[in-house]
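Report on the following structure.
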Number of protein chains: 2
Amino acid sequence: MSKAVFYHAGCPVCVSAEHTVADALKTPVEKVHLGEARGRLAEAERLGVKSVPALVMDGHVFHINHGADLSALK
Amino acid sequence: MSKAVFYHAGCPVCVSAEHTVADALKTPVEKVHLGEARGRLAEAERLGVKSVPALVMDGHVFHINHGADLSALK
């Protein structure tokens, strides 16, 4: 089973998506706090993440509601 | 485990979210095609669904990317 990556920034919208959606996946989920792991902003951007929270699975980006634009985390 | 409801309209964005995210949940997922089950538009609206695809879990609405506004399905 492929891994999922959940990008977030600790915001309330992010926490809600994390606890309700990301934690309910059968797939193992790596959680990346882009406010803390700024070194991974470029990776998220390259994958097509425009805002957080976002879930990347099987090469597809799923923006879940809207917490913050990626540009606000730079 | 509570049930999840996945509202969609058969659009490409919906199908991608359905197959990658909704089908990967541990929770049982009821799938509702709002273009076909128009009788459930009011229910979706009442729950806070603004666009499809959307996943409703534990009383929270998660809009996943953007396929179509609910108003376009009426």
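In what follows, every chain begins at residue 1, and chains take the letters A, B, ... in the order their sequences are listed.
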For the residue pair A:Val21 and B:Leu25, what are the closest heavy atoms and their distance?
-> O-CD2, 3.9 Å
The interface call for B:Val61 against chain A, heavy-atom contacts under 4.5 Å, is backbone
Please tabulate, one pair per line, the N or O donor-acceptor pairs under 3.5 Å between chain B and chain A.
unit_1: B:Asp23; atom_1: O; unit_2: A:Lys26; atom_2: NZ; d: 3.4
unit_1: B:Ala24; atom_1: O; unit_2: A:Lys26; atom_2: N; d: 2.7
unit_1: B:Lys26; atom_1: N; unit_2: A:Ala24; atom_2: O; d: 2.7
unit_1: B:Lys26; atom_1: NZ; unit_2: A:Asp23; atom_2: O; d: 3.3
unit_1: B:Val61; atom_1: O; unit_2: A:Asn65; atom_2: ND2; d: 2.8
unit_1: B:His63; atom_1: N; unit_2: A:Asn65; atom_2: OD1; d: 2.8
unit_1: B:His63; atom_1: O; unit_2: A:Asn65; atom_2: N; d: 2.8
unit_1: B:His63; atom_1: ND1; unit_2: A:Asn65; atom_2: OD1; d: 3.1
unit_1: B:Asn65; atom_1: N; unit_2: A:His63; atom_2: O; d: 2.8
unit_1: B:Asn65; atom_1: OD1; unit_2: A:His63; atom_2: N; d: 2.8
unit_1: B:Asn65; atom_1: OD1; unit_2: A:His63; atom_2: ND1; d: 3.1
unit_1: B:Asn65; atom_1: ND2; unit_2: A:Val61; atom_2: O; d: 2.8

Residue pairs passing the disulfide bond (SG atoms under 2.5 Å apart) test with at least one member in residues 10-74 of chain B, sequence neighbours excluded, are B:Cys11-B:Cys14
Transitive ILVMFWY side-chain link B:Val32 to B:Leu70, under 4.5 Å = yes
Any idea which of B:Ala54, B:Ala4, B:Ala17 has the most non-hydrogen atom pairs under 4.5 angstrom with chain A?
-> B:Ala17
What about A:Val49 and A:Leu55, same hydrophobic cluster or not, with Ile/Leu/Val/Met/Phe/Trp/Tyr joined at side-chain heavy-atom distances under 4.5 Å?
-> no
Sort and list the pairs that fulfil disulfide bond (SG atoms under 2.5 Å apart) and have at least one residue in residues 29-74 of chain B, not counting sequence neighbours.
-> none
Can you name the residues that form a side-chain contact (heavy atoms from CB on, under 4.5 Å) with B:Ala68, not counting sequence neighbours?
-> B:Val52
Give a yes or no on whether A:Val15 and A:Ile64 share a hydrophobic cluster (residues Ile, Leu, Val, Met, Phe, Trp, Tyr; joining criterion: side-chain heavy atoms under 4.5 Å apart).
-> no
Report whether B:Phe6 and B:Leu34 are members of the same hydrophobic cluster (ILVMFWY, side-chain heavy atoms less than 4.5 Å apart, transitive linking).
-> no
